[in-house]
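These notes concern the structure reproduced below.
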Amino acid sequence: MSLHLELLNPEQLAAVTLPDEHALILAGAGSGKTRVLTTRIAWLVKSGRITPANILAVTFTNKAAREMLIRVTSMLPANPRGLWIGTFHGLCNRMLRAHHRDAGLPQAFQILDSQDQLAAVKRLARSMNVDEDRFSPRDIQYFINGNKEEGVRAGDVPIADENTKRLAELYAAYDEQCQREGVVDFPEMLLRSYELLKRNEILRAHYGQRFRHVLIDEFQDTNRLQYRWLKLFRTKESCFFAVGDDDQSIYTFRGANVGNMAEFEREFAIKRVVRLEQNYRSHGNILDAANALIANNRNRLGKNLWTSTGAGELVRVFEGESDMDEARWLVEEVRSLSRDGTSLSNMAVLYRSNAQSRVLEHALFSQGISYRVYGGLRFFERAEIKHALAYLRLVAQPDDDNSFLRVANFPPRGLGARTIEQLQDTAKKNQASLFKVAEGKSAVFKKLIEDLQTETRGLPLAEIVGIVVEKSGLKEHYKTEREGADRIENLDELVNAAATFNDDSREVESGEEVDPLTAFLTHAALEAGEHQAGEGADALQLMTVHSAKGLEFDVVFLSGLEEGLFPHEQSANERDGLEEERRLAYVAITRARNRLYLSHAQTRMLHGQTRYNIPSRFLEEIPQNLMKWLTPRFSKQKAFTPDFSRQTVSSLPKKSQAREVGGWRVGQNVVHPKFGSGVIIDAEGHGNDARVQVNFGAAGVKWLAVAMAKLQAA
DNA sequence: TACTTTGTCCTTTTT
DNA sequence: GGACAAAGTA
């Protein structure tokens, strides 16, 4: 019930109690960002000058939004009404449902997730005879979303060449298709909502007046459209409070624009940028390592984290001979920490890409250590759940062709590709949905949907879902399948989820209430990740660095620190790709409270091939005096230079058979007088002709004649 | 029409 | 190694 302002440090207090003016808060990792944001909201309300309804707080994830809501409400005496805290998409959804007519949408519009969108694009591409070699559905989807996120409609795409012209046509056709079917994809939600407010002066004035205080979390992750959307709420009286950390910007690959921070500073004439640099999370050595690493980035607003807790332990570094070796060591380490009293859920293993989890899982499983992998297949994304949702969507909105195609012949009911094709032709001719033109063979399916509609009308949500799961034949179908038991369990779980579902966003302010089924389907699309199993159990946490953002652990293992993996090889082709990789490493390191492990392996199975990787440059960028090697090997490789501008990683060519020539073995570490240290990645010939291919990192990859080159074993 | 086998492609991810 | 889609077979 209290704000506990006395517990804030001077900078935090300054941020919380800023007068009514625009503000930019540079909040470093672990600096109490969420606390400042939530206390600010509570402080504003308690001041009595405004009500909760005057506040708009925007976050990126549902998790962050929920956390914020909980913390704010705990600081206020009564449950605040009219307080808008949510994700960009959640808030846009709320607005679009409330003003669906003005936005040109049916009230029960359905939301396409990325998968659904891709399916819709594929279907469109086929109906328009697109050469998939020239334009893959992925590319088209990327083009559409990229433009939408810049606020550019199909008609406004600048036509530079034939390709763009064609893509713009497809974009236009795609939007028409969505409109016809009453569906909206993720970027469309933002753009629609943006256009709605932009065009409708009355609405804009209404919301602008209402939201006197606009607070934005993770501002560095906003894209251009999101920023423009936010600016629509700006009035003479309004105050914007943006919190962000440019060093933690790790989503530029999907359109986030860090430049928004500088833009905001300029456009809102920010007088004072408040820097939160005191870190309450990590020990000194860990923090120093993070600071040293990020100092290698040139594009920064500048910030240096410090802590008043001691230096703590050194950062531990391990080199494995192979990924399996690395995993075995890691499991042993986890086991002994666990024995010494650190709970498993307080330890996390982080990696750059999901593919790396497999080896770890294998090792953990065989040693009987419980673990939990984040970011795998989410509940609402499972095939059987998607199928059930498709039936439900058709009940709510039969013109949804995406859903129609998904389940028209699932479970199989004799509607083959031919029948569907004919149906699609008729639909195209009549500019109507598949459902409307279904006849003959497909009439049976149409009848099924219609029966479901009449049968479920007016029933409670859980019963609707139960009936649909049963009568669609899904359950029956999975009974005959070998691994169907899990799927049936999931379908039951879906009914459960429906039973416990209560939606607070249905409390609308403009009269019309959204029907429960649509609300549930919206929840499934927008909050797909919220429904996760095994949340409570004590288990080791496995996740990518990306999904670790915002979290913290006593012990963090950062594994696979190898050139090509982390930094990822693809990042070399992107503008400022390496800097983003470095920020990613920075995020990873700053997750650790007490102990940090960094590890890498000499060989690793990737894409079914063994790769020989050299240690990541990030290991070189951390001052040696902060680290403690658990294996001697790495410390021997003195010839490292910090410059790895050229090719640094290679995989073993497919056809290579020779593993060993003249005493040199593939995978072996070597030192060359001129090129420094490297690793043998291939070998061929024998005797005097024997040659080895060596990856020297900075000096590149070279073929060397064994007889000539003065190679030394490292 | 429906199931089985082969060929291609591999980041990161929330909404 | 593995997911997913297109081609192949009963």
Next on the checklist: Please report the distance, rounded to the nearest Å, between CD in A:Glu361 and C1' in C:dG2.
Outcome noted: 14 Å
Item to check | Among B:dT1, B:dT11, B:dT15, the nucleotide that comes nearest once only the side chain of A:Thr419 is considered | outcome: B:dT1
Item to check | Pair A:Gln117-A:Gln141, side-chain donor/acceptor within less than 3.5 Å | outcome: yes
Checklist entry - So, is A:Arg378 close to the B:dT14 phosphate, meaning a side-chain N or O under 4.0 Å from OP1 or OP2? => result yes
Checklist entry - Do A:Arg352 and B:dT12 have a side chain to base donor-acceptor pair shorter than 3.5 Å? => result yes
Checklist entry - Among residues 401-414 of chain A, which residues get a heavy atom nearer than 4.0 Å to DNA chain B? => result A:Asn409, A:Pro412, A:Gly414
Next on the checklist: Considering every strand and a 4.0 Å limit on heavy-atom distances, what is the contact class for A:Asp113: base, sugar-phosphate, or nothing?
Outcome noted: nothing
Item to check | Nearest-Å distance for atom pair CZ/C1', residues A:Arg582 and B:dT12 | outcome: 17 Å
Item to check | Comparing A:His568 and A:Gly416 on DNA chain B - which has the more 5′ nearest nucleotide | outcome: A:Gly416
Checklist entry - Which part of the nucleic acid, if any, lies within contact of A:Leu606, taking any heavy atom under 4.0 Å across all strands shown: a base, the sugar-phosphate backbone alone, or nothing? => result nothing
Next on the checklist: Once you apply a heavy-atom cut-off of 4.0 Å, does A:Phe186 come out as touching a base, just sugar-phosphate, or nothing?
Outcome noted: base
Checklist outcome for this item: Residues A:Gly414 and A:Lys441: closest non-hydrogen pair is O-NZ, 3.9 Å
Item to check | A:His607, nearest nucleotide to its side chain (from B:dT12, B:dC10, B:dT14) | outcome: B:dC10
Checklist entry - What does A:Arg358 touch in the nucleic acid at a heavy-atom separation under 4.0 angstrom: a base, only the sugar-phosphate, or nothing? => result sugar-phosphate
Checklist entry - Hey, would you say the A:Phe501 and A:His523 ring centroids sit under 6.0 Å apart? => result yes
Checklist entry - Does A:Arg71 pair with A:Glu67 as a salt bridge, N-O distance under 4.0 Å? => result yes
Checklist entry - Does the gap between the ring centers of A:Phe445 and A:Phe404 come in under 6.0 Å? => result yes
Checklist entry - Would A:His89 pass as stacked on B:dT15, i.e. its ring centre under 5.5 Å from the base's six-membered ring centre and planes under 30° apart? => result no
Next on the checklist: Are B:dT12 and A:Phe253 stacked, with the base six-membered ring and the side-chain ring centres under 5.5 Å apart and planes under 30°?
Outcome noted: yes
Checklist entry - Is A:Arg153 salt-bridged to A:Asp175, going by a charged N under 4.0 Å from an acidic O? => result yes
Item to check | Quiz item: A:Ser114 side-chain donor-acceptor pair to B:dT15 base, under 3.5 Å | outcome: yes
Checklist entry - Distance between the P atoms of B:dT13 and C:dC4, in whole angstroms? => result 16 Å
Item to check | Length of the line joining A:Gln356:CD and B:dC10:P, which is rounded to integer Å | outcome: 18 Å
Checklist entry - In whole angstrom, what separates A:Leu521's CG from B:dT15's C1'? => result 16 Å
Next on the checklist: With nearest nucleotide decided by heavy atoms, which residue, A:Arg418 or A:Asn354, maps closer to the 5′ end of DNA chain B?
Outcome noted: A:Arg418
Next on the checklist: If only side-chain N and O atoms count, and only distance matters, is there a donor-acceptor pair under 3.5 Å linking A:Arg123 with A:Asn402?
Outcome noted: yes
Next on the checklist: Does A:Phe88 reach a base, just sugar-phosphate, or nothing at all? Heavy atoms under 4.0 Å.
Outcome noted: nothing
Checklist entry - Is the closest basic N to carboxylate O distance between A:Lys549 and A:Glu218 below 4.0 Å? => result yes
Next on the checklist: Heavy atoms only, 4.0 Å cut-off, all strands: where does A:Thr59 land among base, sugar-phosphate and nothing?
Outcome noted: nothing
Checklist entry - Can you list the steps and then say if A:His477 with A:Phe410 is a ring pair (Phe, Tyr, Trp, His ring centres under 6.0 Å)? => result CA-CA 9 Å; A:His477 172 81; A:Phe410 194 92; 4.9 Å; yes
Next on the checklist: In this structure, how many angstroms lie between the P atom of C:dG2 and the CE atom of A:Met605, rounded?
Outcome noted: 10 Å
Next on the checklist: I'd like to know if A:Glu580 and A:Arg583 make a salt bridge, using a cut-off of under 4.0 Å between side-chain N and carboxylate O.
Outcome noted: yes
Next on the checklist: Check this for me, if you would: do A:Arg406 and A:Asp400 make a salt bridge, where the nitrogen-to-carboxylate-oxygen distance has to be below 4.0 angstrom?
Outcome noted: no
Give every pair of a protein N or O atom and an N or O atom of nucleotides 5-10 of chain C that lie under 3.5 Å apart, one pair per line with the distance.
residue: C:dA6; atom: OP1; partner: A:Arg126; partner atom: NH2; Å: 3.3

Next on the checklist: Taking the minimum atom-to-atom distance to the side chain of A:Leu526, which one of B:dT15, B:dT1, B:dT11 wins?
Outcome noted: B:dT15
Checklist entry - Parallel, tilted or perpendicular for A:Phe253 and A:Tyr251, by the 30°/60° rule? => result tilted
Checklist entry - Want to know the stems of DNA chain B: at least 3 consecutive Watson-Crick or G-U pairs with distances under 3.5 Å, which are they? => result B:1-10 with C:1-10
Checklist entry - Please give, in whole Å, the distance from B:dA2 P to A:Ile420 CD1? => result 11 Å
Next on the checklist: Using a strict threshold of under 4.0 Å (side-chain N to carboxylate O), is an ion pair present between A:Arg611 and A:Glu569?
Outcome noted: yes
Checklist entry - C:dG1 P sits how many Å from A:Met324 CE, rounded? => result 11 Å
Item to check | A:Asn62 CG - B:dT13 P separation (whole Å) | outcome: 16 Å
Next on the checklist: Checking one value: the base orientation of B:dT11, syn if chi is within 90 degrees of 0, otherwise anti.
Outcome noted: syn
Item to check | Test: A:Arg617 and A:Glu563 ion pair at under 4.0 Å | outcome: yes
Next on the checklist: Applying a 4.0 Å non-hydrogen cut-off, can you work out what A:Glu581 is touching in the nucleic acid: base, sugar-phosphate, or nothing?
Outcome noted: base
